Amino acid sequence: MATFLYRIGRWAFRRRRLVGGLWLGALVLAIAAAAMAPEGKEEDLSMPGTESQKAFDLLDERFPQSNSQGAEARLVFRAPDGQRMTASENKAAVEDALNSLDGGDQVESIADPYEDDAVSEDGTIAYSTITYTEGAVDLTESTKSALEDAASQAREAGLTVEIGGSALDAEEEPGGTTEIIGVAVAAVVLVLALGSLVAAGLSLLTAFVGVAIAFGLVSALAVPLGLTSTVAILALMLGLAVGIDYALFITSRYRDERARGSEPEEAAGRAVGTAGSAVVFAGATVFIALVGLGVVGIPELTKMGMGGAGAVALAVLVALTLVPALFGFFGRRVLSRAVRKAPSYRGSGSERPHRRPIAATPAKGIGTRWARFVLRRPVAVLLTAGLGLGAVALPALSLELGLPGDESKSVETTQRRAYDLLSEGFGPGFNGPLTVVVDTSESGNTRATTNLVVKTVRGVDGVASVGDPVLSRTKDTAVLTAVPRTAPNSGETKDLVHAIRGAVSGVEADTGAAILVTGTTAMNIDISEAMSDALVPYLTVVIGLAVLLLLVVFRSVLVPVKAALGFLLSVGAAFGVLVAVFQWGWAADLIGIEQTGPVMSLMPILIIGIVFGLAMDYEVFLFTRVREAHLHGASPGEAVVSGFRHSGRVVAAAAIIMISVFAGFIGMSSPTIQTMGVGLAAAVAFDAFVVRMAIAPAVLALLGHRAWWLPRILNRVLPNVDIEGEELSGHAPAAMTVPDTAVPRLPVGRD
């Protein structure tokens, strides 16, 4: 692999105009395709095979006229203190507001609260449901403005009015303040790490190119593939984070090669052949983990995985081709100011440095000092870091999964206030009604069977009310609505769904009818349970894949096991942070979370998939240098110090960049994106700085030479991927044969 990538790096450097033109053309085409493509539709989560999804599918088949995909809005009215909504002046205000909506181009129907029994028992609160012909993202601004104007009109008449439903939902648009701050932090870290504005700008530029192409492709394919705004944002988040990191790794290696005396083209080839090999492997792990999300069986999760995987693949291609091409365009300006001004750097007007090393890698940097500290006290470091992560992970034992609704939004939003008004007037379960579908096509008596189901459901403890059943046109299906006494995301409602399903199973056995419980609340419960059931199997597959891949890369048995166990620690700690923040409310005010609740159902598996790949990034970039030193005869302690001396600072910078990018998305209003930002930022911080930089070197110090043990049979069977670039030794210039600054042998495990 190293030789092949070496040739790619040299070719891209020589043919930089062609490479730059091809990427520029791809960027223009992606932007043009996105601009001309229609906007995608936001789709509800679905889980094929679950009872709730089967019921939805049956409703689409038997009640096609009532299962429109259009948006809904609820105008919720509250009478002034001491008055009722049935008072003539309040009734007139409601009718005037609703009449102002009648005749709108996208309005399908408007419900009259006084005819539909949509007034609370005490008469203080009423609501009207407005159904539209289009989904929320396709509603025009005039349609939304008319809805808000109707609410304002009723407010002027003295009523309190809030708007609920999906009509005011909007696609999440990237580019907010927090994202800009995250990118700004990444830029500062790049400048500090590379000591060159040009080198830092190169990494940002290439990352932006890859992200822009990925974002454009997702936008262009939104309609044909059913991609939502969440898919686009995940692609942006991942593409930006890994794109900057991959460019940083290759740029850092290129500068090392130049500093050692390599010609520019040779340095570009060697950088892509060595660091590029690690980029390919790291990108492949992220790609495989994200594509593997499709096995869970949730279409939206599959799309998110594919979108993120595509963005990562583009980041790898950009790093392998566009980055070395830009080395040719920017020339010596990619090097740090200190190197350019070094007396041994010859060629102020050319790109021919002196053949001997320009600047040796410092023997005593922060990475070297930290590695020596860990080697002197491996047991203390291992226990402190391991127990610390274990303590942070403890809240994960209380992990509850769910899907956020309007109750999770800020009280500053009209959707949240409408939710609260409906809960106050009609009970907390009104916002999450259950739909019971009775399929009597195999039953003899539809009416009798339906009445028996109604009686059975009403008798279940926790049901507040059951509506009158509605029959399909073919009279073989009935639908009834059961309102729980408890809120949609409460544990009592989850128990109620199971209780209803258990109660009606006897009716199914007696009548031959098929009875299904669905609705948004039931669907959320089914998806959350499916996610919980899939968590351990998916984690097992990911861990097994990690061990196999690292076995090939490091040709060691114990190093992959160490890496996998460390990954478990970092993921567990990230889950602990999610529970503490989103369930328990710790530091929730800092990120704008006003209502605690279950963790988003998709997050654990999604975070496992993403963090798995990113964890392997740092494992590969840091410890391939350790293995490289080991192969050249260094002792276990010397090898660790050498690896940290060469890669510690770069890996730390890459981790800070990735944390900044992920944290930049915490400020978005979408609970999904907020949860993803917190979880990924925490996971990367734990994995990079605690697992890879503390636990891993401590374990290697304790294992000594045994860390690199490999059975003979595996040594013969395993392919040699040559991440370290040993095959490139024949291409090395004379300066490359000079060994690094000697590292004194360290007494491992001794103060």
Side-chain angles (χ1 to χ4, degrees), residues 71-86 90 93-94 97-98 111 113 116-130 136 144 147-148 150-170 400 402-434 462-465 481-494 496 519-521 524 582-585 588-589 591-598 600 669-672 674:
E72 279 190 353
R74 273 182 175 168
L75 280 176
V76 187
F77 307 91
R78 182 174 190 170
D81 291 342
Q83 297 184 25
R84 294 176 177 268
M85 288 302 305
T86 51
N90 295 333
V94 171
L98 297 180
D116 293 349
D117 193 25
V119 181
S120 62
E121 289 185 6
D122 62 3
T124 60
I125 297 174
Y127 70 90
S128 171
T129 301
I130 298 95
K144 294 181 180 181
L147 181 63
E148 293 169 342
S152 299
Q153 181 178 329
R155 291 189 188 107
E156 292 174 358
L159 300 178
T160 298
V161 187
E162 303 297 344
I163 307 173
S166 61
L168 293 185
D169 290 347
E400 297 177 5
L403 294 174
D406 285 345
E407 76 281 358
S408 65
K409 295 180 178 178
S410 168
V411 293
E412 302 298 323
T413 64
T414 186
Q415 293 99 322
R416 169 62 186 278
R417 294 195 294 266
Y419 176 95
D420 292 340
L421 281 178
L422 290 171
S423 296
E424 178 185 342
F426 301 93
F430 181 83
N431 286 290
L434 303 175
V463 175
S465 63
T481 300
V483 178
R485 297 185 185 277
T486 50
N489 269 334
S490 69
E492 292 86 351
T493 303
K494 177 180 177 180
L496 177 62
T520 303
T521 300
N524 293 349
F582 292 94
Q583 286 184 213
W584 298 353
D589 293 341
I591 57 177
I593 299 173
E594 300 186 25
Q595 180 68 40
T596 59
M600 177 75 176
S669 60
S670 167
T672 302
Q674 273 190 324

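This chain uses plain numbering: 1 for the first residue, then up along the sequence. As the structure is a computational prediction, the values presented were derived from the model and not from experiment.
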From Thr481 atom OG1 to Leu434 atom CG, the distance as rounded to the nearest 0.5 Å: 9.0 Å
Does one side chain, of Glu72 or Ser166, offer a donor that lies under 3.5 Å from an acceptor on the other? no
Distance (rounded to the nearest 0.5 Å) between Arg74 CZ and Asn431 CG: 7.0 Å
Taking all heavy atoms of Thr493 and all of Pro484, pick out the closest pair and write down the distance. CG2-CG, 4.3 Å
Would you confirm whether Gln583, through its side chain, and Glu400, through its main-chain N or O, come within 3.5 Å as a donor-acceptor pair? yes
Using side-chain hydrogen bond (donor to acceptor under 3.5 Å, both in side chains) as the criterion, list what pairs up with Thr124, not counting sequence neighbours. Asp122
Sorted by chain and number, sequence neighbours left out, side-chain hydrogen bond (donor to acceptor under 3.5 Å, both in side chains) with Thr520 holds for none
Is there a side-chain contact (heavy atoms from CB on, under 4.5 Å) between Leu75 and Leu147? Walk through the geometry before answering. CA-CA 9 Å; Leu75 280 176; Leu147 181 63; 4.1 Å; yes
Where is the tightest heavy-atom contact between Arg84 and Asn90, given as atom of each residue plus distance? O-ND2, 2.8 Å
Arg155 atom CZ: more than 12 heavy-atom contacts under 6.0 Å: yes
Quick one: list whatever passes salt bridge (Lys or Arg N to Asp or Glu O under 4.0 Å) with Glu424, sequence neighbours left out. Arg78
Applying side-chain hydrogen bond (donor to acceptor under 3.5 Å, both in side chains), can you list everything that pairs with Gln153, at least two apart in sequence or on another chain? none
Could you tell me whether the side chain of Thr129 and the main chain of Ala111 form a donor-acceptor pair under 3.5 Å? no
Hey, does the side chain of Thr521 reach the backbone of Pro488 with a donor-acceptor pair shorter than 3.5 angstrom? no
What do the steps show when you test Leu496 against Glu492 for side-chain contact (heavy atoms from CB on, under 4.5 Å), and what is the final call? CA-CA 6 Å; Leu496 177 62; Glu492 292 86 351; over 6 Å; no
With sequence neighbours left out, write down each residue that passes side-chain hydrogen bond (donor to acceptor under 3.5 Å, both in side chains) with Asp116, or none if nothing qualifies. none
All side-chain contact (heavy atoms from CB on, under 4.5 Å) counterparts of Ala93, not counting sequence neighbours: Ala157, Leu159
Here's a test for you: under side chain to side chain contact (heavy atoms under 4.5 Å, CB included), which of Val161, Ile163, Leu422, Asp420 qualifies with Val76? Leu422
Over all heavy atoms of both residues, which pair between Ala73 and Ala167 is shortest? Give the atoms and the distance, please. CB-CB, 3.7 Å
Could you measure the distance from the CZ atom of Phe582 to the CE atom of Met600? Nearest 0.5 Å is fine. 11.5 Å
Tyr127 meets the ring-ring contact (aromatic ring centres under 6.0 Å, His included) criterion, sequence neighbours left out, with Phe426, Phe430
Do you know the tightest heavy-atom contact between Gly165 and Gln415? O-CG, 4.3 Å
With Pro113 via side-chain contact (heavy atoms from CB on, under 4.5 Å) - residues at least two apart: Val94, Leu98, Ala118, Ala126, Ser128
